[in-house]
Each structure stands twice: as C-alpha cells, then as structure tokens.
Amino acid sequence: MPEIFWNRMTAPALRELAAQGAPVLLPVGSTEQHGPHLPTGVDDFLSTEACRRAAAIMVAQGRPVVVAPSLWCGLADHHVEFGGTFTLTLATYHALLRDVCRSILTAGFRRILIVNGHGGNVTALHALSSEICRELSAPIAVTSYFVAGQARIAEILEDQDTLMHACEGETSMTMAIAPDLVDGVRLAEAVGPQIALQSDPSEAIHVPRSFHEVTSSGVAGDARAATAEKGEAMLDACAEALAEWLMK
C-alpha cells in the first residue's frame with residue numbers, strides 16, 4: 001500500500017498528493033488517565049488508528065489521502081486530579097489547531113477533516129473549527145470517530161450503547177491495536193458509573209466537575225466485557241464511515 005502518513009513521506013511526495021486534491025485527515029486526541037488498566041495515550045492512539053484505517057480504505061479505491069501527525073494533547077483539565085494527564089488552555093488549543101491547519105493549507109492541501117478521539121474536545125472543536133475556517137478562509141470539517149461510527153458501535157457493545165471512558169469500547173479497541181498496553185490484571189477494577197459522553201442536553205445548567213467526582217476508578221462504564229474482536233469491529237466501522245464521507 002502507498003504511504004499515507006505525512007511524517008513518513010518526502011516533501012515532493014506530499015506536493016504531488018496535494019496537486020491530486022488529496023484530503024488530509026488530522027487526528028486529535030488527548031493524553032490523560034484512562035483508569036487502572038489502560039495507557040494514557042488511548043484517545044491519541046485510537047483517533048490515529050481510525051484515520052489510518054479510513055485512509056487504507058480510500059487507497060484501496062484508488063483515492064489519494066494523507067494522515068497528518070496527531071495532536072496528542074487536548075482539553076483534559078477534568079482528568080488532572082488522577083495524575084498522568086496533559087491539558088491545554090482553550091486559547092492555546094485554538095492557536096495550535098489554527099497553526100497546524102494553516103501549515104497543511106500552506107503545503108498545498110485544500111481539504112481537512114479533523115478526527116477527534118476525546119470527549120472533552122468535542123464542544124470546543126465545534127466552535128473552534130468555525131472560527132478557524134473563517135480565519136483561514138478554508139473548509140475545515142470536524143468529527144469524532146466514535147460519533148461517525150455510532151450506529152454500528154451501539155450494535156457491537158454489550159453493556160453500553162456508546163463510548164464512555166476507559167470502558168468496554170475503548171478497552172476493546174486498545175486490545176485490538178495494542179494488547180500489550182492493556183493491564184489485564186487490573187481489568188476487574190475497570191468499572192464505573194454509566195455517563196453520557198457529552199453534556200446531557202436535559203441539564204438546564206452546566207456545572208463543570210472533576211472526573212474524580214464522577215468516578216473514583218477513573219472509568220465510566222464497564223470494561224470487563226471488552227474483547228479485541230469487538231475493538232476490531234468498532235474501528236473498522238468508524239473507519240468506513242469516515243472514508244465514505246470523504247469519498248462523496
């Protein structure tokens with residue numbers, strides 16, 4: 001398969017892909033606590049993997065595409081109390097996204113899809129992408145891989161119908177791509193309350209809370225039913241949804 005990762009290609013190869021009208025997938029995630037059993041890089045790893053699989057689908061259809069280096073740090077202040085977490089201020093995140101997108105456009109590309117892997121980034125990304133589009137005078141779309149594949153994810157999971165945090169879904173997908181990073185000894189502890197991944201629209205007033213107030217384990221959902229097979233199926237479903245949108 002032709003190379004798809006930006007940072008593994010030469011500048012001339014990237015110029016050629018830009019001239020062919022290749023879209024750029026920009027994975028964004030977070031580096032934060034993921035309970036007692038998962039690595040802190042889960043959101044970064046999974047958004048990148050969803051992009052990689054989507055790009056592979058496109059290449060198989062003869063379509064040019066590039067996967068940019070991931071933004072591994074996001075908005076994770078609510079996880080800081082657990083330790084192991086990096087986080088940015090909103091102003092820094094805005095500036096970082098704008099400058100990365102500007103670099104992609106300056107390199108000759110004209111179509112960017114930001115693919116998010118962290119629930120805490122969602123609201124900000126929707127607002128910031130509109131501002132960045134206006135600032136750069138370019139179309140920049142944004143999605144979360146787990147939203148793009150939500151319908152299929154709901155069919156695959158047993159104990160929940162959406163991704164939560166360090167849960168059956170995220171644990172399954174990590175088992176699929178990096179089983180050596182899952183601490184099976186501590187999987188039995190990976191249980192927490194079921195929550196909405198994004199703010200519940202039925203709440204009339206939003207009160208920011210530390211994730212530690214929500215779950216003492218650092219987990220939302222139940223990871224004990226996780227399997228690598230579920231993870232493979234979820235990642236493939238999300239990738240198919242991303243590729244389908246890009247190839248319209």
Quick test of your reading of the model: are Lys248 and Glu244 salt-bridged, counting only N-O distances below 4.0 Å?
no
Are the charged groups of Arg98 and Glu131 less than 4.0 angstrom apart, N to O?
no
Say you draw a straight line from [atom1] of [X] to [atom2] of [Y]; how long is it, rounded to the nearest 0.5 Å?
{"X": "Asp183", "Y": "Thr174", "atom1": "CG", "atom2": "OG1", "value": "12.5 Å"}
{"X": "Leu181", "Y": "Leu38", "atom1": "CG", "atom2": "CG", "value": "9.0 Å"}
{"X": "Ile112", "Y": "Leu136", "atom1": "CD1", "atom2": "CG", "value": "7.5 Å"}
{"X": "Glu155", "Y": "Asp161", "atom1": "CD", "atom2": "CG", "value": "11.5 Å"}
{"X": "Ile114", "Y": "Cys101", "atom1": "CD1", "atom2": "SG", "value": "4.5 Å"}
{"X": "Ser70", "Y": "Phe45", "atom1": "OG", "atom2": "CZ", "value": "9.0 Å"}

Is the shortest heavy-atom distance from the side chain of [X] to the side chain of [Y] under 4.5 Å?
{"X": "Glu213", "Y": "Glu81", "answer": "no"}
{"X": "Trp245", "Y": "Thr143", "answer": "no"}
{"X": "Arg111", "Y": "Leu246", "answer": "yes"}
{"X": "Met175", "Y": "Leu187", "answer": "yes"}
{"X": "Arg53", "Y": "Leu242", "answer": "no"}
{"X": "Met9", "Y": "Leu17", "answer": "yes"}
{"X": "Met58", "Y": "Ile4", "answer": "no"}
{"X": "Met173", "Y": "Tyr145", "answer": "yes"}

Could you state whether [X] and [Y] fall into the same hydrophobic cluster, counting links through intermediate Ile, Leu, Val, Met, Phe, Trp or Tyr residues with side-chain heavy atoms under 4.5 angstrom apart?
{"X": "Leu105", "Y": "Trp6", "answer": "yes"}
{"X": "Val142", "Y": "Val28", "answer": "yes"}
{"X": "Ile140", "Y": "Ile104", "answer": "yes"}
{"X": "Leu46", "Y": "Val182", "answer": "yes"}
{"X": "Val65", "Y": "Val100", "answer": "no"}

Kindly check if the number of other-residue, nucleotide or ligand heavy atoms within 6.0 Å of CZ (Phe86) is above 12?
no
Working for side-chain contact (heavy atoms from CB on, under 4.5 Å), residues Met247 and Ile57:
CA-CA 10 Å; Met247 292 192 292; Ile57 293 170; 4.3 Å; yes
Which pair of heavy atoms, one from [X] and one from [Y], lies closest together, and at what distance?
{"X": "Gln20", "Y": "Pro64", "result": "OE1-CB, 3.5 Å"}
{"X": "Leu157", "Y": "Gln160", "result": "CB-O, 3.0 Å"}
{"X": "Ala243", "Y": "Ala54", "result": "CB-O, 3.7 Å"}
{"X": "Val67", "Y": "Ala55", "result": "CG2-CB, 3.8 Å"}
{"X": "Thr40", "Y": "Gly84", "result": "CG2-O, 3.4 Å"}
{"X": "Ala107", "Y": "Ala18", "result": "O-CB, 3.9 Å"}

Say whether, by atom type as modelled, one donor and one acceptor occur between the side chain of [X] and the main chain of [Y] under 3.5 angstrom.
{"X": "Ser172", "Y": "Glu170", "value": "no"}
{"X": "Ser144", "Y": "Phe146", "value": "no"}
{"X": "Ser30", "Y": "Asp43", "value": "no"}
{"X": "Glu168", "Y": "Asp159", "value": "yes"}
{"X": "Ser217", "Y": "Val191", "value": "yes"}
{"X": "His34", "Y": "Thr171", "value": "no"}
{"X": "His118", "Y": "Leu75", "value": "yes"}
{"X": "Glu232", "Y": "Thr227", "value": "no"}
{"X": "Ser47", "Y": "Asp44", "value": "yes"}
{"X": "Thr215", "Y": "Pro193", "value": "no"}

Parallel, tilted or perpendicular, as decided by the 30° and 60° cut-offs, for the rings of His79 and Phe211:
tilted
Side chain to side chain donor-acceptor pair (under 3.5 Å) with Glu240: which residues, sequence neighbours excluded?
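Side chain to side chain donor-acceptor pair (under 3.5 Å) list for Glu240, sorted by chain: empty.
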Not counting sequence neighbours, which residues clear salt bridge (Lys or Arg N to Asp or Glu O under 4.0 Å) with Arg186? List them please.
Glu189
Worked verdict on Ile132 versus His94 for side-chain contact (heavy atoms from CB on, under 4.5 Å):
CA-CA 8 Å; Ile132 293 170; His94 181 184; 3.9 Å; yes
Go through it in stages, so that I can follow the logic: the residues are Asp236 and Arg152, the test is side-chain contact (heavy atoms from CB on, under 4.5 Å), and I'd like the CA-CA distance, side-chain angles, deciding distance and then a yes or no.
CA-CA 10 Å; Asp236 282 345; Arg152 183 73 181 106; over 6 Å; no
When you check the side-chain N and O atoms of Thr87 and Glu32, is any donor under 3.5 Å from an acceptor?
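No, no side-chain donor-acceptor contact under 3.5 Å.
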